[in-house]
Protein chains: 2
Amino acid sequence: MEVKLQTLPKQVAGVLARRIATGGIPAGQGLSEQQILQEFGVSRAVAREALKILASLDMIEIAQGRRVVLRPAEEWDYLSPLLIDWLPPEQIRELLAEAHATRIIIEPAITAIAAKHMTKESLERLGTLLAAMSATEDNPDGYLRLDLDFHMEICRAAQNRILDRFMYSSRWWQAASRRISNQMPHALPSATEMHRAIYEALVARDAKRAEEAMRRHLKATTAVGLPHKD
Amino acid sequence: MEVKLQTLPKQVAGVLARRIATGGIPAGQGLSEQQILQEFGVSRAVAREALKILASLDMIEIAQGRRVVLRPAEEWDYLSPLLIDWLPPEQIRELLAEAHATRIIIEPAITAIAAKHMTKESLERLGTLLAAMSATEDNPDGYLRLDLDFHMEICRAAQNRILDRFMYSSRWWQAASRRISNQMPHALPSATEMHRAIYEALVARDAKRAEEAMRRHLKATTAVGLPHKD
DNA sequence: CCTATAAGCTTATCAGACAAGTTGATGTTA
DNA sequence: TAACATCAACTTGTCTGATAAGCTTATAGG
């Protein structure tokens with residue numbers, strides 16, 4: 001009996017994506033529904049959906065009449081969680097560093113904006129999250145979830161859907177990255193303290209201080225176990 | 001004879017998206033392939049692909065056995081160019097402001113990083129673009145393309161694929177937004193001057209000055225014809 | 001009242017066909 | 001020979017109808 005981990009088109013797309021990422025498919029050659037359907041023994045519908053997935057990541061380009069062509073790797077959708085599973089480890093490591101560098105740019109700025117917009121309800125939720133974190137320091141997985149929620153709550157408060165979506169996208173990278181840095185001993189209690197500093201600055205609606213606290217928090221996470229980038 | 005503007009699933013997805021965005025579909029009710037296929041008179045394959053598109057924007061959630069359900073608007077993929085065509089004008093205006101606010105946060109920081117990494121080739125391309133802009137000030141559409149390329153070239157130089165992708169995504173919002181601000185008289189010559197200031201700071205590899213020049217440029221664009229946000 | 005089974009939804013996958021667009025070869029004409 | 005028109009082969013787009021697999025709900029049994 002077959003074990004069904006994912007939908008069939010996704011599995012096929014995964015195999016193809018890995019092959020493309022490692023240069024297993026000559027750029028000039030491209031793909032075709034026929035090939036896929038023969039190689040994987042799936043129906044045309046599945047082959048088509050698999051290609052649609054890759055197209056949504058900007059890895060390939062589909063057009064009627066023309067054979068499917070590969071697109072330059074510089075323009076792939078690195079914000080998609082799918083690529084985290086499909087890219088080779090070396091690239092993942094690089095991308096993690098880039099994601100973290102990005103957070104250091106964006107999140108302090110977000111925090112400064114959020115400080116001005118903070119509602120009482122939002123502050124309450126942050127307080128609750130903080131308490132929960134403090135009580136979950138022996139459980140890295142649970143802590144990670146709370147941590148992400150804490151950061152998302154701040155982002156939500158900045159009331160910018162574009163930024164919000166970006167943070168939401170890079171959430172997957174954060175998760176992967178955080179899983180590394182939180183393995184360090186005492187990383188969690190120390191993280192809680194830093195979150196508390198951010199929280200208190202937000203309560204005081206002190207944009208500058210909140211921004212700085214967030215920056216300190218993120219830079220501290222950089223130091224631990226992650227390749228540095230800028 | 002039918003005029004084919006887009007692929008069929010995309011058209012269907014567009015109609016559905018607009019309906020969802022304007023609250024035309026009760027949240028509790030959801031959708032089903034059957035409904036779509038009957039209402040639009042398309043095949044099931046097309047109905048399915050249309051739903052897949054909406055799912056890729058996180059507007060709906062598809063799972064085998066369960067009827068399709070709507071997802072909260074806060075988590076839609078506002079980075080996708082598709083939504084630009086599908087959301088109602090009021091929302092678009094708000095989102096344009098948010099996109100611009102985002103740029104003011106990110107691009108100066110990118111520029112500072114880029115200043116350190118600038119290669120001779122990249123600087124050359126920027127110089128070429130700048131000259132072209134100077135010669136295209138009477139052609140808003142052509143100018144827009146050069147302008148976007150100029151900013152993307154800088155972003156590319158920062159060597160951060162996550163940020164790069166984000167800028168690439170928000171390119172569509174930029175295009176829409178720029179189309180507004182460039183209509184102002186003398187906007188183009190003035191823009192060229194500001195781009196030149198950025199370029200010269202980059203040539204000098206002066207990160208601080210480049211960052212500040214970029215910030216001035218973006219804030220100047222804010223003032224013109226766009227609702228202000230933060 | 002609770003549980004287990006089954007019927008009827010829904011989405012997932014398959015198969016085969018035709019339509020429509022692109023490409024490249026073929027052949028004709030200036 | 002060179003430019004152009006036509007057609008054949010290949011590719012993606014769409015349609016139809018059927019079966020598999022997962023979920024929900026109602027029903028029958030304990």
Side-chain angles (χ1 to χ4, degrees), chain A residues 1-17 19-20 25-71 81-82 85-86, chain B residues 1-17 19-20 25-71 81-82 85-86:
Chain A
M1 167 184 166
E2 296 243 354
V3 180
K4 186 173 184 180
L5 294 146
Q6 288 178 318
T7 180
L8 209 37
K10 218 174 204 174
Q11 290 180 49
V12 174
V15 173
L16 292 174
R19 195 175 299 171
I20 293 175
I25 299 178
Q29 179 178 338
L31 290 163
S32 89
E33 294 176 358
Q34 276 305 320
Q35 285 175 241
I36 297 172
L37 140 183
Q38 282 173 16
E39 175 177 352
F40 295 89
V42 295
S43 75
R44 215 187 134 203
V46 170
R48 281 178 59 79
E49 278 202 33
L51 288 174
K52 277 283 180 352
I53 293 177
L54 297 184
S56 78
L57 299 177
D58 287 339
M59 294 182 77
I60 61 175
E61 195 174 320
I62 305 176
Q64 183 172 358
R66 271 198 293 272
R67 147 179 279 257
V68 174
V69 297
L70 304 188
R71 284 176 42 75
L82 293 174
D85 293 328
W86 295 345
Chain B
M1 166 181 164
E2 296 242 354
V3 180
K4 186 172 182 180
L5 293 146
Q6 286 179 319
T7 179
L8 209 35
K10 218 174 202 172
Q11 291 181 49
V12 174
V15 174
L16 291 174
R19 195 175 300 172
I20 293 175
I25 298 178
Q29 180 178 340
L31 291 162
S32 88
E33 293 176 358
Q34 277 305 323
Q35 285 175 242
I36 297 172
L37 142 182
Q38 282 173 15
E39 173 176 354
F40 294 88
V42 296
S43 76
R44 220 187 126 206
V46 170
R48 282 179 57 78
E49 278 203 34
L51 288 175
K52 276 284 187 332
I53 293 176
L54 297 184
S56 80
L57 299 177
D58 287 339
M59 294 182 78
I60 61 175
E61 195 174 320
I62 305 176
Q64 182 171 359
R66 272 198 291 271
R67 150 178 275 259
V68 173
V69 296
L70 304 189
R71 284 177 42 75
L82 293 175
D85 292 329
W86 295 344

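All values below come from the heavy atoms of this structure, side chains included, with hydrogens, waters and symmetry mates left out. Quick note on labels: first sequence line is chain A, next is B, and so on, each numbered from 1.
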- Which of the following nucleotides, C:dA12, D:dT14, C:dT11, is nearest to the side chain of B:Ser32? C:dT11
- Item | Below 4.0 Å: OP1/OP2 of D:dT11 and any side-chain N or O of A:Arg66 | no
- Let me see the working for A:Leu82 and A:Lys10 under side chain to side chain contact (heavy atoms under 4.5 Å, CB included), right down to the final yes or no. CA-CA 9 Å; A:Leu82 293 174; A:Lys10 218 174 204 174; 3.6 Å; yes
- Return the set of residues passing salt bridge (charged side-chain N to carboxylate O under 4.0 Å, His left out) with B:Arg19 (not counting sequence neighbours), or none when no residue passes. B:Glu39
- side-chain contact (heavy atoms from CB on, under 4.5 Å) partners for A:Ile36, two or more places apart: A:Val12, A:Leu16, A:Phe40, A:Ala47, A:Leu51
Could you list the protein-to-nucleotides 3-5 of chain C atom pairs, N/O on both sides, closer than 3.5 Å?
none

- Grab the CZ-C1' distance between A:Phe40 and C:dA12 for me, whole Å please. 18 Å
- Task: Could you pull out the closest heavy-atom pair between A:Gly30 and A:Gln35, with the gap in Å?
- Result: O-OE1, 4.2 Å
- Message: Regarding C:dA12, can its base be found pairing with the side chain of B:Gln64 as donor and acceptor, where the two atoms are less than 3.5 Å apart?
- Response: no
- Task: Could you list the residues that satisfy salt bridge (charged side-chain N to carboxylate O under 4.0 Å, His left out) with B:Arg44, not counting sequence neighbours?
- Result: B:Glu33
Run the side-chain donor-acceptor check on residues 53-63 of chain A: report pairs under 3.5 Å with partners two or more places apart or on a different chain.
from, atom 1, to, atom 2, distance (Å)
A:Ser56, OG, A:Ile53, O, 2.7
A:Asp58, OD2, B:Arg165, NH1, 2.9
A:Asp58, OD2, B:Arg165, NH2, 3.0

- Item | Euclidean distance, atom NZ of residue A:Lys10 to atom P of C:dT11 [Å, nearest integer] | 17 Å
- Item | Atom-to-atom span, CG of A:Leu37 to C1' of D:dT11 - whole angstrom | 13 Å
- Query: Which whole-number value in Å describes the distance from A:Glu33 CD to C:dT22 C1'?
  - Reply: 15 Å
- Could you tell me whether the side chain of A:Lys52 reaches within less than 4.5 Å of the side chain of B:Lys52, counting heavy atoms only? no
- Task: Within residues 41-49 of chain A, find the residues that approach DNA chain D with a heavy atom at under 4.0 Å, and present them sorted by residue number.
- Result: A:Arg44, A:Arg48
- Message: Going by salt bridge (charged side-chain N to carboxylate O under 4.0 Å, His left out), name the residues that satisfy it together with B:Arg67, two or more places apart in sequence or in a different chain.
- Response: none
- With sequence neighbours left out, the residues meeting side-chain contact (heavy atoms from CB on, under 4.5 Å) with B:Gln34 are B:Ser32, B:Leu37, B:Gln38
- Rounded interatomic separation in angstrom, taking CD from A:Gln11 and C1' from C:dT13: 13 Å
- Task: Could you state the atom-to-atom distance from CD of A:Gln34 to P of C:dT22 in whole Å?
- Result: 20 Å
- Expressed in angstrom and rounded to an integer, what is the separation of B:Leu51 atom CG from C:dA12 atom C1'? 13 Å
- Note on the structure: Rounded to whole Å, the CD-P distance (B:Glu61 to D:dC23) equals 13 Å
